[in-house]
Amino acid sequence: MKLRYFSHSAFQITSSSGKKILIDPFFDGNPTSPVNAKDVSADYIILTHGHGDHLGDAFDIAKRCNSLFICVNELANYCASKGFKAHNMHIGGGYNFDFGRVKFTIAHHGSMTNDNYYAGEPSGVILSIDGKNVYHTGDTGLFYDMKLIGEMIRLDYMLLPIGDNFTMGITDAVKAVELANPNVAIPMHYNTFSVIAADPNEFKMKVEALGKKCTVMQYGEEIEL
Ligand code: NI
Ligand code: MN
């Protein structure tokens, strides 16, 4: 499996079977994105919540690629109401797709779309693909049940926000890594806008001080998981 980071909370996973799964695709309105939406394709699009910096360019990409949306019920219904294919799920539930398993978790945040549709509860998502477990927390504050999540599923990678203001900042994100106990932490949701400025290397140093691993991905970088 390959993991590509585009900046903000936007990632693309490519499974060994060649399926492309896009998470929170925010490109054209994103000042830090190294790509334009028209250059990205997806078989599946997972949205953690309905905010504009996560829904992003999802509809343009889905229209071009005939992608299937995977999200919590209310947000999936919103996508379906716009004419797109959607697989409705909800927090605590998992489902086996042809590329692997998707399970939704809680997240402490909001979820209103830019056109004022209440998109249900915000979520995090755990993807189990090619024998590895990747936890994308979505936008969230710190919560103690991250410990439970890490106890129930051995986490290989945890993608988590460090930008503060709307989500966890560095101090809380380091605690989140301690609680969920992934093999590798990857910071996201920082430096996109000045209000979420944060130093990923400060986060990395603090995670490593716990004896844990952290990979700071460059914008556009792809790594093999
Ligand atoms: Ni948000
Ligand atoms: Mn956000």
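We number each residue from 1, following the sequence as shown. We count ligands from 1, going down the list as the structure has it; atoms in each ligand are counted the same way.
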Subject >> Contact flag His189/the Mn ion (ligand 2), N/O/S atoms, threshold under 2.8 Å >> reply: yes

Original post:
Angle class for the His49/His109 ring planes (parallel below 30°, perpendicular above 60°, tilted otherwise)?
Top reply: perpendicular

**OP:** Starting from the Ni ion (ligand 1), look over the N/O/S atoms of Asp139 and name the nearest one.
**Re:** OD2

**OP:** Could you check if a side-chain atom of Leu160 sits within less than 4.5 angstrom of a side-chain atom of Met168, using non-hydrogen atoms only?
**Re:** yes

Original post:
Is the backbone N or O of Ile196 less than 3.5 Å from a side-chain atom of Asn165, with the two atoms forming a donor-acceptor pair by type?
Top reply: no

Original post:
What is the minimum heavy-atom distance between Met1 and Glu224, and which atoms define it?
Top reply: O-OE2, 3.2 Å

Subject >> Name, closest N/O/S atom of Asp53 to the Mn ion (ligand 2) >> reply: OD2

Original post:
Between the side chains of Tyr44 and Asp98, does any donor sit under 3.5 Å from an acceptor?
Top reply: yes

Original post:
When the ring planes of His8 and Phe193 are compared, do they come out parallel, tilted or perpendicular, using 30° and 60° as the limits?
Top reply: perpendicular

**OP:** Answer yes or no for His54: is there an N/O/S atom below the 2.8 Å cut-off from the Mn ion (ligand 2)?
**Re:** yes

**OP:** Answer yes or no for His54: is there an N/O/S atom below the 2.8 Å cut-off from the Ni ion (ligand 1)?
**Re:** no

Subject >> Minimum-distance N/O/S atom that Asp139 presents toward the Mn ion (ligand 2) >> reply: OD2

Original post:
At the Ni ion (ligand 1), what's the angle from His49 NE2 to His51 ND1, rounded to 10 degrees?
Top reply: 90°

